[in-house]
Amino acid sequence: MSSLTTKVNHVVTPGETVGEVDKGGIRLGQGLIQYQNTVVATKAGVLRSKNDSFFVENNQKRYVPSVDDLVLGIITSRLTESWKVDIGCHEHATLSMYSFEGATKKNRADLPVGSLVYCRVKVASRDMEPELSCMSVKGKKEGFGPLEGGYMVKCDTCLARDCLAEDSTVLNALGASIPYEVAVGVNGRIWVKATTIENTILVANCILNSQHMSPEQTQSMVQSMVRQNKSKR
């Protein structure tokens, strides 16, 4: 039987055997399960790989957490030493008050209900609620934490993963014309912030419009929307 890597970037269907686990250190993400040494697809989509992680990419709205996923969460309630966070999955996740760089009992983050936070999934299991962290695997902040101002949009998880790629056409095209900040969550949430409200909305609209466009169409769309925005001033 072929290994997982031979079917990367190919369409898989539910119940299809996509390969074998022939070495250690491989992580299976959404749309894949392991039965003994065999890996089987549970969803229809395209098999993708990132580092040593494999997952099935499709346009689903419901997010299924995987370890080390980058997500945007909304604080829904506060507990004694943690928060409950909505990340768009089957249940709320938990974010410890000590999951921030340099956090101590005397120096802890204060996040009111409704706050938007950029996190990393630390624990993901069918049998327990997800656990989040606002630190990288190296224990550093590296862009994680509360996001202030700006605007958050919801999208398909497929578009979110596209925007996380270094060669993202829409984000690179926007960056060539407009200074802005962006935080992309694979849970289908994207936060953007530009120097003005108009530019913030422009960036958000360009990202959403790009979902079903080719790279060439995306470049043209961004340039057109930027010109229209400048002509209104």
Side-chain angles (χ1 to χ4, degrees), residues 3-5 7-74 82-96 99 116-140 142-145 152 154-166 168 183-191:
S3 66
L4 281 168
T5 55
K7 288 200 174 184
V8 170
N9 298 328
H10 287 73
V11 174
V12 296
T13 56
E16 179 181 348
T17 299
V18 298
E20 290 183 340
V21 179
D22 51 8
K23 67 175 183 177
I26 290 178
R27 288 203 299 265
L28 301 181
Q30 65 176 10
L32 297 173
I33 60 172
Q34 181 178 347
Y35 178 72
Q36 296 180 352
N37 291 331
T38 302
V39 178
V40 178
T42 60
K43 298 179 180 179
V46 179
L47 182 65
R48 301 294 193 191
S49 174
K50 184 177 181 180
N51 299 327
D52 289 324
S53 177
F54 293 83
F55 58 92
V56 176
E57 181 182 84
N58 55 21
N59 289 331
Q60 68 179 34
K61 293 287 186 178
R62 174 66 68 178
Y63 166 65
V64 180
S66 294
V67 174
D68 288 338
D69 276 356
L70 307 181
V71 296
L72 286 173
I74 301 172
S82 64
W83 294 274
K84 289 293 185 182
V85 187
D86 171 21
I87 58 172
C89 64
H90 63 290
E91 63 179 327
H92 286 185
T94 299
L95 174 63
S96 170
S99 292
L116 186 66
V117 288
Y118 195 38
C119 311
R120 177 179 63 87
V121 176
K122 184 178 179 181
V123 175
S125 170
R126 294 182 179 179
D127 304 319
M128 57 190 298
E129 62 188 12
E131 292 184 19
L132 308 175
S133 174
C134 282
M135 293 185 291
S136 68
V137 292
K138 298 179 181 179
K140 301 297 182 180
E142 295 186 9
F144 295 111
M152 187 194 79
K154 295 182 180 180
C155 64
D156 290 338
T157 56
C158 182
L159 175 59
R161 290 187 183 278
D162 286 344
C163 289
L164 275 173
E166 292 184 3
S168 169
V184 181
V186 296
N187 56 335
R189 296 173 180 175
I190 300 177
W191 172 86

Self-check item: Spatial distance of atom CZ (R161) from atom CZ (F55) [nearest 0.5 Å]
Solution: 4.0 Å
Quiz item: Do you know the tightest heavy-atom contact between C155 and I190?
Solution: SG-CD1, 3.8 Å
Quiz prompt | Residues in salt bridge (Lys or Arg N to Asp or Glu O under 4.0 Å) contact with E129, at least two apart in sequence or another chain | solution = K84
Quiz item: For the atom pair CD (E16) and NZ (K7), what is the distance rounded to the nearest 0.5 Å?
Solution: 4.0 Å
Exercise. Say whether, by atom type as modelled, one donor and one acceptor occur between the side chain of S136 and the main chain of K138 under 3.5 angstrom.
Key: yes
Quiz item: In this structure, which one of C89, C119, P65 forms a side chain to side chain contact (heavy atoms under 4.5 Å, CB included) with V71?
Solution: C119
Self-check item: Closest non-hydrogen atom pair between V184 and Y118, with its separation
Solution: O-OH, 2.8 Å
Quiz item: Are L132 and V85 close enough, and set up right, to give a side chain to side chain contact (heavy atoms under 4.5 Å, CB included), and what steps lead you there?
Solution: CA-CA 9 Å; L132 308 175; V85 187; 3.9 Å; yes
Quiz item: Which atom names give the shortest non-hydrogen contact between V56 and G31, and what distance separates them?
Solution: CG2-O, 3.4 Å
Practice problem: Begin from the C-alpha positions of L72 and K154 and carry the test side chain to side chain contact (heavy atoms under 4.5 Å, CB included) through to its verdict. | Solution: CA-CA 10 Å; L72 286 173; K154 295 182 180 180; over 6 Å; no
Self-check item: Basic-acidic side-chain contact under 4.0 Å: D69, R120
Solution: no
Practice problem: Would you give the length of the straight line joining atom NZ of K122 to atom OG of S99, rounded to the nearest 0.5 angstrom? | Solution: 5.0 Å
